Amino acid sequence: MLDSIRTRLTLWHTGVLALVIAVLCGVAYFIFWRSAVRRTDLNLVELSDSFLVTFRAELEDQTGPDVFQTAAKEAIEEHHFGDTIYVLVDQAGKVILSSQETPSANPSGKKRRKPILSSASFQNFLAASMNSDRQFGHIAVTEAGYRAFSQRFSAKGQSYRLILLQSLHPQEQMMEEAGAVFAWLIPLAILLASGGGYFLARKSLAPVVAMSSQAGRIGAENLHERLAIQNEKDELGHLARSFNGLLNRLRESFDRQRRFMADASHELRTPIAILRGESEVALSQQVRSPAEYRESLNVMHHEAERLTRIVEDLFTLTRADAGQYPLQPNDFYLDELVSECVHSARTLAQAKKISLTFDGAPESPIHADESLVRRMILNLLDNAIKYTLDFGRVTVSCRRNGREYTVSIADTGTGIPPELRPRIFERFFRADKARSHSENDGGGAGLGLAISRWIAEAHRGRLELTRSDCSGSTFSAYLPADSAELVSPG
Ligand code: ADP
């Protein structure tokens, strides 16, 4: 059950809400209690002041021996209400008169009051208040206790102290009632909020559930389907967009793979068909001269070589795509490697009376996969000779420009039409299929430039067609001169 985000969200929401409500209630309870005590204090000060006004007036009016007591009793009679207790204390801290002991102070007479004045708490307050003119304090005799206010005054040349005590019972009762309301209100609020939270979580996660079931139905056969986006701008819309983007990329990759497979099988079919046809013709003829057999075997050998080359190229590209072509870099001189390649292509060039020249800067050390770089240069040289007419010219150069080497192979061939230039690095692309398939030129499958570009990129370099017009083409391979760590771009 806890595995569901809905449940976890609801539980978190409820937990946090309960905590916030509990803290808020605690703070509110404390603030209310403080303000109730403050109001009681103000009330006590007012009562104390008006008592003293009456008391002084009574003192003026009264005559006789017990004038002080009588005036005090009169004032108490006049000002006494509720649970307020008046206590008069002399200079030595001795209680002269207290309304608690005054019968009229407790008219009902039913409830016996707790002996407040003899309590240790009152005595402590009394002792503490003797040093100040006005003092507030708390007398803890009952559960709620009493709020106490002491004020010094003088009468007939003597210093006295009036202490007022007011029970905090009503305030405590009020707080208890508030607490009782909170006790059922808070759980109810939490219950409602958690129900609402669950509903909200369910509602907001519903699109995710719908998306996941939609996504679950998408497979290779219906890769064109996309997730429905309800709101482009919200987070789920963003998620659906990202997922649809992923599906687009997957579909493109699928299409590429399908095209690759179709092209590959198409390329393989031609040499196989020639092989089969040639062998069938040779086998069907009862009598054949050795020269005819040799001719057939020659054709078959040529096609078998072509087949091998195509299969090797396909294998290289598949491994490169999967990032599984391990580069084996070593230190060598690039100019020497290019010179060797030019040397091995010389026979091809001579067959077409093409002049092949090499101009290389000496001492060009490089850290790279020698056999792959050789393959790239031989591919480019092979193309340059293949697509240059007899008596043409192929010029190879190797230069260092700052932190990279540039190997350029320029020919005086027919060039590549502008509209086809962007496509020549695509797999299986051939500008002139008939010519590429002719038996005399080696019959490329349109994979040479794709592999060459991958080799350059695997070395953190690049391969570009830097010139192509009616006077010929130039392919330039840029390779980093510093021996940085090489990775396969896959
Ligand atoms: P191919 O095996 O057909 O040579 P590549 O991938 O090496 O395949 O080349 C792709 C196409 O680019 C070729 O079919 C050709 O049309 C064009 N191309 C490559 N190099 C040259 C060049 N030096 N001059 C003219 N066209 C070229």
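Numbering of ligands and ligand atoms starts at 1, following listing order. Please read these numbers as outputs of a predicted model, since none were measured by experiment. One is the number of the first residue; the rest follow in order along the sequence.
- Counting non-hydrogen atoms of neighbouring residues, nucleotides and ligands closer than 6.0 angstrom, the NE2 atom of His238 reaches no more than 12 such neighbours.
- If you take CE on Met174 and CD on Gln171, they are separated by 7.0 Å, rounding to the nearest 0.5 Å.
- Near Ala445, the atoms of ligand 1 lying under 4.0 angstrom from a non-hydrogen atom of the residue are 2 (O).
- The atoms of ligand 1 that sit less than 4.0 Å from any heavy atom of Arg430 are 3 (O), 14 (O).
- Within the 4.0 Å heavy-atom criterion, neither part of Ser468 lies near ligand 1.
- By the 3.5 Å distance cut-off applied to N or O atoms, Leu449 is counted among the residues near ligand 1.
- No option in Asp321, Asp313, Asp263 other than Asp321 meets the salt bridge (charged side-chain N to carboxylate O under 4.0 Å, His left out) test with Arg427.
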How far apart are the C-alpha atoms of Gln135 and Ser150, what are their side-chain angles, what is the distance that settles it, and do they pass the side chain to side chain donor-acceptor pair (under 3.5 Å) test? CA-CA 5 Å; Gln135 170 115 8; Ser150 149; over 6 Å; no

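- Counting heavy-atom neighbours within 6.0 Å of Glu235 CD, excluding the residue itself, gives a total of 12 or less.
- Although no hydrogens or angles enter the test, the distance criterion places a donor-acceptor pair under 3.5 Å between the side chain of Arg346 and the main chain of Leu356.
- Considering backbone and side-chain atoms alike, Asp411 places an N or O below 3.5 Å from some N or O of ligand 1.
- Considering backbone and side-chain atoms together, Ile424 places no N or O closer than 3.5 Å to any N or O of ligand 1.
- Heavy atoms of Phe425 come nearer than 4.0 angstrom to ligand 1 in no pair at all.
- Panel note: side chain Asp335, backbone Gly360; no donor-acceptor pair is recorded below 3.5 Å.
- Contacts between Ser473 and ligand 1 below 4.0 angstrom, taking non-hydrogen atoms only, involve the side chain exclusively.
- In the model, Thr270 has no side-chain atom that pairs as donor or acceptor with a side-chain atom of Arg306 under 3.5 Å.
- The two residues Arg375 and Tyr325 come nearest to each other via the heavy atoms NH1-OH, 4.2 Å.
- Close approach to Ala431 involves these atoms of ligand 1, each under 4.0 Å from a residue heavy atom: 14 (O), 16 (O).
- Within the 4.0 Å heavy-atom cutoff, Gly446 counts among the residues contacting ligand 1.
- Those atoms of ligand 1 that come under 4.0 Å of a heavy atom in Phe475, given as number and element, are 20 (N), 21 (C), 22 (C), 23 (N).
- Atoms of ligand 1 found under 4.0 Å from any heavy atom of Gly448, numbered from 1 in the order shown, are 5 (P), 6 (O), 7 (O).
- For ligand 1, the atoms closer than 4.0 angstrom to any heavy atom of Lys386 are 1 (P), 2 (O), 4 (O).
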